[in-house]
2 protein chains.
Amino acid sequence: MSDPTEDQLAALGTAFDTFARRYKLADARRSERPLAELDKAVLLYVADHAGCGPTDVARFLAVPTTTLSSATDRLVKRGLLKRERIEADRRAVALSLSEAGTAYAQGQVETYRQMYMLMLSRLSAEERDRFIAMITKIVYNDD
Amino acid sequence: MSDPTEDQLAALGTAFDTFARRYKLADARRSERPLAELDKAVLLYVADHAGCGPTDVARFLAVPTTTLSSATDRLVKRGLLKRERIEADRRAVALSLSEAGTAYAQGQVETYRQMYMLMLSRLSAEERDRFIAMITKIVYNDD
DNA sequence: TAAGATACAACGAAGTTCGGACTATTCAAT
DNA sequence: ATTGAATAGTCCGAACTTCGTTGTATCTTA
């Protein structure tokens with residue numbers, strides 16, 4: 001298969017660039033100091049992996065464990081995250097969201113949902129499926 | 001036109017999520033301490049807008065001017081950016097890239113180019129055009 | 001020509017990242 | 001059983017970044 005043309009590459013570049021600046025989504029909880037980017041990522045990850053350990057999260061997000069420790073500290077301090085020692089391995093800690101953390105995560109997810117909605121609404125019904133299929137291919141079929 | 005389905009929204013969400021983690025591109029100049037995200041953005045902007053002022057950049061990137069001042073400071077200190085008083089308005093400063101800055105920017109652009117290349121290479125020739133058309137529609141036709 | 005708007009920079013407080021050192025456990029191999 | 005190595009996490013502190021406040025020229029305009 002022939003290579004993409006320079007025009008295509010350039011077009012994709014400007015599109016992504018604009019994209020990134022445009023869809024810099026706002027925080028759920030306003031008023032309070034917004035969470036650090038990392039903290040939000042941690043929250044979202046734990047939302048889908050209740051009981052996981054800090055190391056799991058650190059590996060997934062590709063940050064040093066000490067950095068992740070800071071993040072969980074902040075989240076616990078804010079009452080969004082729970083840290084519990086577990087029986088099976090007493091060195092380990094199990095992370096899970098508190099009531100408030102769950103609410104925050106849901107708000108965040110909802111915000112994303114609306115953003116995606118807005119994006120897809122620009123495409124026709126058939127285009128939507130095609131677009132999703134393509135971006136999925138790009139994301140997952142990469143060596 | 002009917003709304004996107006929940007399935008579509010969910011699929012797009014996971015795709016983007018993975019996308020963001022996967023394509024966290026490395027820095028051009030390794031070895032030295034990597035530039036802050038903001039600094040890279042500034043460099044890329046100035047590369048395309050030689051002679052612009054700090055305020056322009058700040059507005060474009062949506063950060064406070066003081067923050068941008070810090071960024072230009074760092075860049076100047078590293079020898080990547082030049083700051084020059086201009087005649088027309090002596091309060092103003094004209095930003096432009098130094099030799100090294102230009103090299104850095106080019107390296108960065110090249111890295112992006114390769115990333116886009118990798119992405120598009122996953123699609124067939126016709127898909128590429130369609131994909132670019134769609135993402136462009138999404139990015140630019142948004143209220 | 002004085003009052004106000006502009007373009008920036010200096011300073012400093014508050015926060016984030018992450019390497020190094022340290023504690024508590026668990027595992028593995030005598 | 002015992003001990004030496006790996007593991008899970010945390011604590012500490014240095015180096016950075018962000019951004020509000022304050023201050024300084026320099027236009028602008030009434």
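Chain naming here is simple, since letters A, B, ... match the order of the sequence lines and numbering starts at 1 in each.
- Side-chain atoms of A:D39 and A:R78, non-hydrogen and from C-beta on, never get closer than 4.5 Å to each other.
- Between A:D73 and A:R83 a salt bridge is recorded (basic side-chain N to carboxylate O distance below 4.0 Å).
- Annotation for A:Y116 and B:G13: closest pair CE1-CA, 3.3 Å, computed over non-hydrogen atoms.
- Counting to the nearest Å, the P atom of C:dC8 and the CG atom of B:D73 are 13 Å from each other.
- Between the CG atom in B:L61 and the CG atom in B:D56 there is a gap of 10.5 Å [rounded to 0.5 Å].
- Of all the residues in residues 75-95 of chain A, A:D89, A:R90, A:R91 reach under 4.0 Å from DNA chain C with at least one non-hydrogen atom.
- Between B:F19 and B:F16, the ring planes lie perpendicular to each other; the angle is over 60°, past the 30° to 60° tilted range.
- For B:D39 and D:dT17, the CG to P distance is 6 Å, given to the nearest whole Å.
- Each end of the helix from C:dT1-D:dA30 to C:dT30-D:dA1 gets its own axis from five base pairs, and the two axes differ in direction by 20°, given to 10 degrees.
- Distance CD (B:E37) to P (C:dT16): 17 Å, rounded to an integer number of Å.
- With salt bridges taken as basic N to acidic carboxylate O contacts below 4.0 Å, none links B:E127 and B:R130.
- A donor and an acceptor atom never sit less than 3.5 Å apart when one is taken from the side chain of A:T65 and the other from the base of D:dG9.
- Salt bridge A:R113/A:E110: present, at least one basic N to carboxylate O contact under 4.0 Å.
- In plain terms, the two heavy atoms of A:S121 and A:L118 that are nearest each other are OG-O, 2.7 Å.
- Distances shown here put a side-chain N or O of A:T67 below 4.0 Å from the OP1 or OP2 atom of C:dC18.
- Of the candidates D:dT10, D:dG20, D:dT18, D:dT18 carries the atom nearest the B:R74 side chain, counting heavy atoms from C-beta on.
- Applying the 4.0 Å criterion to OP1 and OP2 of C:dC8, one finds that B:S69 has every side-chain N and O outside that range.
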Exercise for the section: Walk me through it: do A:R85 and A:V93 pass the test side chain to side chain contact (heavy atoms under 4.5 Å, CB included)? Expected result: CA-CA 5 Å; A:R85 285 285 162 190; A:V93 158; 3.9 Å; yes
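- No hydrogens or angles were tested; on distance alone, a donor-acceptor pair under 3.5 Å links the side chain of B:S70 to the base of D:dC19.
- The phosphate of D:dG9 (OP1 or OP2) has a side-chain N or O of A:T55 nearer than 4.0 angstrom.
- Atom CZ of A:R33 is separated from atom P of D:dG20 by 11 Å (rounded to the nearest Å).
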